[in-house]
Amino acid sequence: QVQVVESGGGLVQPGGSLRLSCAASGNDFSVEAVSWYRQPPGEQRELVARIYSDNTTSYRDSVKGRFFISSDNAMNTVHLQMNSLKPEDTATYYCKITNMHLNYWGQGTQVTVSS
């Protein structure tokens, strides 16, 4: 079993930055990938960024060059650095950990970009 906790959300002005963190705990770690998703109000959840155990990363087009995903502690903690934030980045952000072919989700953290 893996527990997932996100942190770092909040209110920020357009053009500002936030750093989200995803911390994992539990037994039998063999993390294959960690993904950040977001769900804007009234819309479907969408993949934002992913990092694999070999440190390969991928991003959705709308955040390329602005968001950066990184890991430390052997994938126990993953960060999403979000720069040049736009109002359309407003959403609840969720972390998903894929461990031993199973997916574990966090509870989500709210990011609001508004002046």
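Throughout, numbering of the chain's residues begins at 1 and tracks the sequence.
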Minimal heavy-atom distance between Met75 and Val78, with the atoms involved, is O-CG2, 4.3 Å
Between the CG atom in Leu20 and the CD atom in Gln81, the distance rounded to the nearest 0.5 Å is 9.0 Å
task = Treating Ile, Leu, Val, Met, Phe, Trp and Tyr as nodes and any side-chain heavy-atom pair under 4.5 angstrom as an edge, say whether Trp36 and Phe68 lie in one connected cluster.
result = yes
So CD of Glu88 and OG of Ser62: to nearest 0.5 Å the spacing works out to 8.0 Å
- Verdict with reasoning, Met82 to Asp89, per side-chain contact (heavy atoms from CB on, under 4.5 Å): CA-CA 9 Å; Met82 306 186 295; Asp89 294 317; over 6 Å; no
Test side chain to side chain donor-acceptor pair (under 3.5 Å), reference Tyr93, set Gln110, Arg38, Arg45, output is Arg38
Closest heavy-atom pair, Val4 versus Cys22, reported as atoms and distance to 0.1 Å, is CG1-SG, 3.6 Å
For Ser114, the side-chain contact (heavy atoms from CB on, under 4.5 Å) test, sequence neighbours excluded, returns Leu11, Thr112
| query | Backbone N or O of Gly108 within a donor-acceptor pair of the Glu6 side chain at under 3.5 Å? | reply | yes
When rounded to the nearest 0.5 Å, the distance separating CG of Leu80 from OH of Tyr59 is 7.5 Å
Between the OG1 atom in Thr56 and the CD1 atom in Ile69, the distance rounded to the nearest 0.5 Å is 11.5 Å
Where do Ser53 and Val31 land on the side-chain contact (heavy atoms from CB on, under 4.5 Å) test, with the steps shown first?
CA-CA 7 Å; Ser53 57; Val31 176; over 6 Å; no
All heavy atoms of Ser84 vs all of Ser17, minimum pair found to be N-OG, 4.3 Å
Note: Ile97 and Ala24 closest approach over all heavy atoms is CD1-CB, 3.2 Å
Checklist line | Side-chain donor/acceptor of Thr90 to backbone N/O of Val113, under 3.5 Å | finding: yes
Closest non-hydrogen atoms of Leu18 and Leu85, given as atom of the first, atom of the second and distance, are N-CD1, 3.8 Å
By salt bridge (Lys or Arg N to Asp or Glu O under 4.0 Å), Arg60 pairs with (sequence neighbours left out) Glu46
> Can any side-chain N or O of Tyr94 pair as donor or acceptor with the backbone N or O of Gln39 at less than 3.5 Å?
Replying inline: no
Q) For Gln44, does the CD atom have more than 12 heavy-atom neighbours from other residues, nucleotides or ligands under 6.0 Å away? A) no
The salt bridge (Lys or Arg N to Asp or Glu O under 4.0 Å) partners of Asp61 (sequence neighbours excluded) come to Lys64
With the 4.5 Å side-chain cut-off for hydrophobic clustering, are Val48 and Tyr37 part of the same group?
no
Same cluster or not: are Trp105 and Ile51 linked, directly or through other Ile, Leu, Val, Met, Phe, Trp or Tyr residues, by side-chain heavy atoms under 4.5 angstrom apart? no
OG of Ser58 to CZ of Arg50, rounded to nearest 0.5 Å, is 6.0 Å
> Taking the side chain from Glu32 and the backbone from Met100, do they hold a donor-acceptor pair closer than 3.5 Å?
Replying inline: yes
Given Asp72 and His79, is the side-chain contact (heavy atoms from CB on, under 4.5 Å) satisfied, shown in steps? CA-CA 8 Å; Asp72 54 15; His79 305 287; 3.5 Å; yes
Apply side-chain contact (heavy atoms from CB on, under 4.5 Å) to Ser30 and Asn99, showing your working. CA-CA 5 Å; Ser30 181; Asn99 183 75; 4.2 Å; yes
